[in-house]
Structures are given as C-alpha cells and as structure tokens.
Amino acid sequence: MSVHLTRIYTRTGDDGRTHLADLTRVPKTDPRVEAGGAVDELTAAVGVALAAPGDRPEGYAGWLRQVQNDLFDIGADVSRPGGGPAPDDGPRVDGSYVAWLEEICDRVNVDLPALRSFVLPGGTPLSAQLHVCRTVCRRAERRALAVPDVNPEVTRYLNRLSDLLFILARAAAEGAPEVLWQPGRRPGAA
C-alpha cells in the first residue's frame, strides 16, 4: 500500500461524511469511522507514552513503536468494508499479530508479583500513561466490535493489547509500591 499526501485539507469532509478505504462515502458517525478514530487516538496515546520523561525498561521503545505500526494496520483493516480478504493494496491483520502480543505479555509478566486486587493507575509518568493507553484501547475494542463485518483478529488484537499495556504499566512503575484498590475504603475509617 502506497500513501502519497500532497495536501492535508481536502474539504470533502465538510458535509459530515468521509471516505472509507473502498471510497464509499459514509457519515463520520458510522461505526467503522468511530472505530478507526478510536484506534487513531490510541496510536497517539502510545506516542505520548513513548515521549514520557525518564528511562523506560528495556524493549519498551521497540515494542511500543511496533504497536503503533500495528495500529495503523488495524485502522486500515477497520476502514475496509466487507470483512473479506485484503486486496493487494493493504494489510490484513492475522493471528501472528496477536501471537506477538502474547509473547511480550508472557515475557514481561513472569517477573511481576501476583495481584491481590485491582491496581490504581499511577507510579511513574510512563506507567500512568500506559494505563491511559489501556483505557483508550478498551474503548477502541468496543468501537471495533460495533463494526458489523470487522475482522475478528482486530478485536482479538485490541483485547490482547489492553492486557499488554496493563502489564507494561505495572512493570514501568520501577519498583514503586503498587497502590491497590481497597473496596469501601473512606478517609478516617478504621
């Protein structure tokens, strides 16, 4: 797939409609456009994680850049109606994308302590931003599920990516104690 942009504004979206990958015009509120927008937002949020101050654990920069690239593939996939095989002009997300995420999840999670409760987001700037990425990823997954003919590998990828982002956020806390949810805890309560 080749992309060549000579002009950023086109004025073709001024009427509240946009083109899908097959050049079909749809409202910008179409579930496919909503899903693509959520994936785009996630890509940007991962970029903020990459720009977070401080050192990041080994492997993070490469993994997060790969995730950004994968998310562009996901966006291309979501923008293609029909759910069938990809034409020669673009990617089609397959099981290898999910397998790669699972490999990284397993590699990083093995060194983390078992959880006793839900983790409250925080820790370091990178850890907190990865938690933001995780929540944006969950929304992207929900939006993708609303696309009638979505490639099931897209939603599997987004589901597994949210797991990876959670694991990376925990590991990026750099040994700071995790703050765990304490149900019903109130100030002054014994």
Side-chain angles (χ1 to χ4, degrees), residues 1 3 18 20-22 24 26 28-50 56-112 114-115 118-119 121 126-172:
M1 172 188 279
V3 177
T18 191
L20 298 178
D22 68 352
T24 304
V26 297
K28 290 183 178 182
T29 55
D30 184 274
R32 193 175 301 281
V33 177
E34 289 284 344
V39 169
D40 187 33
E41 183 182 354
L42 175 56
T43 306
V46 171
V48 174
L50 279 163
R56 55 191 48 73
E58 184 179 338
Y60 273 48
W63 297 333
L64 293 174
R65 283 190 186 94
Q66 182 61 52
V67 163
Q68 284 186 307
N69 198 81
D70 289 354
L71 289 171
F72 266 72
D73 290 349
I74 296 273
D77 210 335
V78 167
S79 75
R80 185 180 299 113
D88 292 336
D89 67 348
R92 192 65 173 170
V93 175
D94 63 27
S96 68
Y97 287 65
V98 174
W100 177 77
L101 290 175
E102 290 174 347
E103 175 188 324
I104 305 304
C105 282
D106 292 343
R107 187 183 316 171
V108 176
N109 196 50
V110 72
D111 294 326
L112 294 175
L115 283 174
F118 291 103
V119 175
L126 175 59
S127 178
Q129 181 59 33
L130 288 167
H131 278 292
V132 171
C133 292
R134 174 186 55 78
T135 64
V136 174
C137 186
R138 288 287 190 203
R139 180 166 19 93
E141 178 187 7
R142 291 189 305 271
R143 296 297 186 268
L145 286 166
V147 176
D149 58 0
V150 70
N151 173 359
E153 294 301 329
V154 163
T155 54
R156 285 185 64 224
Y157 181 92
L158 293 170
N159 185 278
R160 207 70 79 252
L161 177 57
S162 65
D163 296 334
L164 175 61
L165 292 167
F166 176 73
I167 291 167
L168 293 179
R170 288 189 69 209

Distance from [X] atom [atom1] to [Y] atom [atom2], nearest 0.5 Å?
X    : Y    : atom1 : atom2 : value
F166 : N109 : CZ    : CG    : 8.5 Å
L50  : L130 : CG    : CG    : 9.0 Å
L64  : T43  : CG    : OG1   : 11.5 Å
L165 : L158 : CG    : CG    : 10.0 Å

Pairwise side-chain contact, L42 with L161, heavy-atom cut-off 4.5 Å (strictly under): yes
Heavy-atom closest contact ([X] atom, [Y] atom, distance):
X    : Y    : value
A140 : A38  : CA-CB, 3.6 Å
P152 : T155 : O-OG1, 3.1 Å
A45  : Q129 : O-NE2, 3.1 Å
G95  : E153 : CA-OE1, 3.5 Å
S162 : C137 : N-SG, 3.6 Å
V39  : L71  : CG1-O, 3.3 Å

Any donor-acceptor pair under 3.5 Å from S127 side chain to A169 backbone: yes
D77/Y157 under side-chain contact (heavy atoms from CB on, under 4.5 Å): CA gap, chis, key distance, verdict: CA-CA 12 Å; D77 210 335; Y157 181 92; over 6 Å; no
Which donor-acceptor pairs under 3.5 Å do side chains of residues 98-108 form with protein atoms, sequence neighbours excluded?
unit_1, atom_1, unit_2, atom_2, d
E102, OE2, R160, NE, 2.8
E102, OE2, R160, NH2, 3.2
E103, OE2, R107, NH2, 2.9

Note: R138-D163 ion pair, threshold 4.0 Å (strictly below): yes
Carboxylate-amine/guanidinium contact D149 R32, below 4.0 Å: yes
Qualifying residues under side-chain hydrogen bond (donor to acceptor under 3.5 Å, both in side chains), relative to N159, sequence neighbours excluded: E141
